[in-house]
2 protein chains.
Amino acid sequence: MGAGETRDRIVATADELFYASGFDSTSFADIADAVKISRGNFYYHFKTKDEILHAVIARRGAERRAMMERWESEGANPRDRIGRFIDILIVNQPKIMAHGCPIGTLCAELAKLDHAQHDEAAGLFTLFRDWLRTQFEKAGCGDASDDLAMHLLMRSQGVASLVNAFGDQDFVRREVEAMHAWLDARIGEAG
Amino acid sequence: MGAGETRDRIVATADELFYASGFDSTSFADIADAVKISRGNFYYHFKTKDEILHAVIARRGAERRAMMERWESEGANPRDRIGRFIDILIVNQPKIMAHGCPIGTLCAELAKLDHAQHDEAAGLFTLFRDWLRTQFEKAGCGDASDDLAMHLLMRSQGVASLVNAFGDQDFVRREVEAMHAWLDARIGEAG
DNA sequence: GTCTATACCATGATAGAC
DNA sequence: GTCTATCATGGTATAGAC
């Protein structure tokens, strides 16, 4: 097994465990056990916990960039593409209900830990913010585009937070519908 | 110094530390040091970490109940009272920017820890939800009242999450204004 | 590249003196 | 009710054999 392959498996596993159990609460032993390698071998690939956090954030960024590129090519117009963003709340509902938003909960945890990589994690939000802003601009929203992007991000975070606390599927459906209605009012059916 | 007084100081200090640094990351030693008692004495008052978490959640609940009673007596009408809830985002902005929403971040952390007291923490959200629902009912919103309460809670959580990540004051001001406008559209200036 | 063994420290928790 | 001393556990991290 090549070093790169093992490294990838470590990062993918750490990503899942950080999401499900939190960064601080996930130990090297947890990750090593899940990957089925020894703790000693683990340290061959990553010297510190911050190093693996950095790799996990980079992985999450790459995944989201790829996702937005898919939306870009599959969506016929800005409205449909932004709709795909809103629908994350439906597509990933079970995971969000169990563990919250992967980006929001990581940022919140790193803020409390006063962690140097907090801003790096917040950069994952920026990926969505910039992409959404571009879509709104393409739809002709001009200077308001960034505010609209932030507003959508905000609602997405709020819904994720409350479904994680209350576990109410109907609430999610209602709010996703309201977000689509809000979007139509600002962009129109044509996009 | 009476036992009750020391206990209160422990709970108040734990409350702050849990908020600023997270539940899991705050150790008994951290709390004991801040209260200026020995670790041994600490265990006279609280046997386990779950016990002190329980006390902290109870304290947060009592504080919020008292706050809502103040709003109830000071606000001339439901609209003004609900406005006080929205304005938390302004009044507590520095703390929220640094550490997020005390309730939202605690719920999120306990969810990741699979902690037995997660639902108890989510009950703090319910306090606001029920109080807001009652205000909307008094304003004549009928069956929609609970949905409106959840919608406001959602936006409050979303703003808290993003200001914690981005540290953007202007964003908060904009969204708080938008929440007031949303409220006026649903209840009207008279309340 | 992978393993075992181990050093070292912080943590939650206990025992017992005062 | 408060203290010091102590323990067991689990965490990060390292050394060195294979």
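First the proteins, then the strands, lettered A, B, ... as listed; each starts at 1. Given the structure is predicted, the values throughout are model-derived calculations rather than measurements.
Within the structure, every side-chain polar atom (N or O) of A/N41 is placed at least 4.0 Å from both OP1 and OP2 of C/dG1. In this model, the phosphate group of C/dT2 is approached by a side-chain N or O of A/T6 to a distance below 4.0 Å at OP1 or OP2. Phosphate proximity of D/dT2 to B/Y44: absent, as no side-chain N or O sits under 4.0 Å from OP1 or OP2.
Partners of A/E109 under the side-chain contact (heavy atoms from CB on, under 4.5 Å) rule, at least two apart in sequence or in another chain, are A/F23, A/D24, A/L113. Qualifying side-chain contact (heavy atoms from CB on, under 4.5 Å) partners for B/S21, counting only residues two or more places apart in sequence or in other chains: B/S25, B/T26.
Between B/R59 and B/E63 there is a salt bridge, since a side-chain N of the basic residue sits under 4.0 Å from a carboxylate O of the acidic one.
Contacts between residues 11-32 of chain B and DNA chain C, counted as heavy-atom distances below 4.0 Å, involve B/T26, B/S27, B/F28.
Side chain of A/R60 to main chain of A/D15: a donor-acceptor pair is present (N/O by atom type, distance under 3.5 Å, no hydrogens or angles).
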Could you list the donor-acceptor pairs under 3.5 angstrom formed by side chains in residues 155-164 of chain A, with sequence neighbours left out?
{"residue": "A/R155", "atom": "NH1", "partner": "A/H151", "partner atom": "NE2", "Å": "3.2"}
{"residue": "A/Q157", "atom": "OE1", "partner": "B/S161", "partner atom": "OG", "Å": "2.9"}
{"residue": "A/S161", "atom": "OG", "partner": "B/Q157", "partner atom": "OE1", "Å": "2.9"}
{"residue": "A/N164", "atom": "ND2", "partner": "A/M97", "partner atom": "O", "Å": "3.0"}
{"residue": "A/N164", "atom": "ND2", "partner": "A/A98", "partner atom": "O", "Å": "3.4"}

Let me have the donor-acceptor pairs involving side chains of residues 28-39 of chain A, under 3.5 Å, with sequence neighbours excluded, atom names and distances please.
{"residue": "A/D30", "atom": "OD2", "partner": "A/S27", "partner atom": "N", "Å": "3.0"}
{"residue": "A/D30", "atom": "OD2", "partner": "A/S27", "partner atom": "OG", "Å": "3.2"}
{"residue": "A/S38", "atom": "OG", "partner": "A/N41", "partner atom": "N", "Å": "3.1"}

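Rounded to whole Å, the distance from OH on B/Y43 to C1' on D/dT6 is 13 Å. Rounded to whole Å, the distance from CZ on B/R9 to C1' on D/dT2 is 12 Å. Nucleotide D/dA13 holds its P atom 16 Å from the NE2 atom of A/H45, rounded to whole Å. Taking atom CD of residue B/E51 and atom P of nucleotide C/dG12, one finds them 14 Å apart after rounding to whole Å. In this structure, A/E5 places its CD atom 14 Å from C1' of C/dT2, rounding to the nearest Å. Rounding to whole angstrom units, CZ of residue B/F42 and C1' of D/dT4 are separated by 17 Å. Rounded to an integer number of Å, the gap from B/R39 CZ to C/dT11 P is 8 Å. Atom CG of B/D33 is separated from atom P of C/dT11 by 10 Å (rounded to the nearest Å).
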Do any N or O atoms of the protein come closer than 3.5 Å to N or O atoms of nucleotides 15-18 of chain C, and which pairs are they?
none

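When each of B/L152, B/L148, B/I82 is tested with B/R186 by the rule side chain to side chain contact (heavy atoms under 4.5 Å, CB included), just one qualifies, namely B/L148.
Of the candidate nucleotides C/dA13, D/dC3, C/dC3, C/dA13 has the atom lying nearest to any side-chain atom of B/K49.
A cation-pi arrangement, defined by a distance under 6.0 Å to the six-membered ring centre and an angle within 45 degrees of its axis, is present between A/R129 and B/F166.
Judged by distance alone, the side chains of B/W131 and B/E72 do bring a donor and an acceptor atom under 3.5 Å apart.
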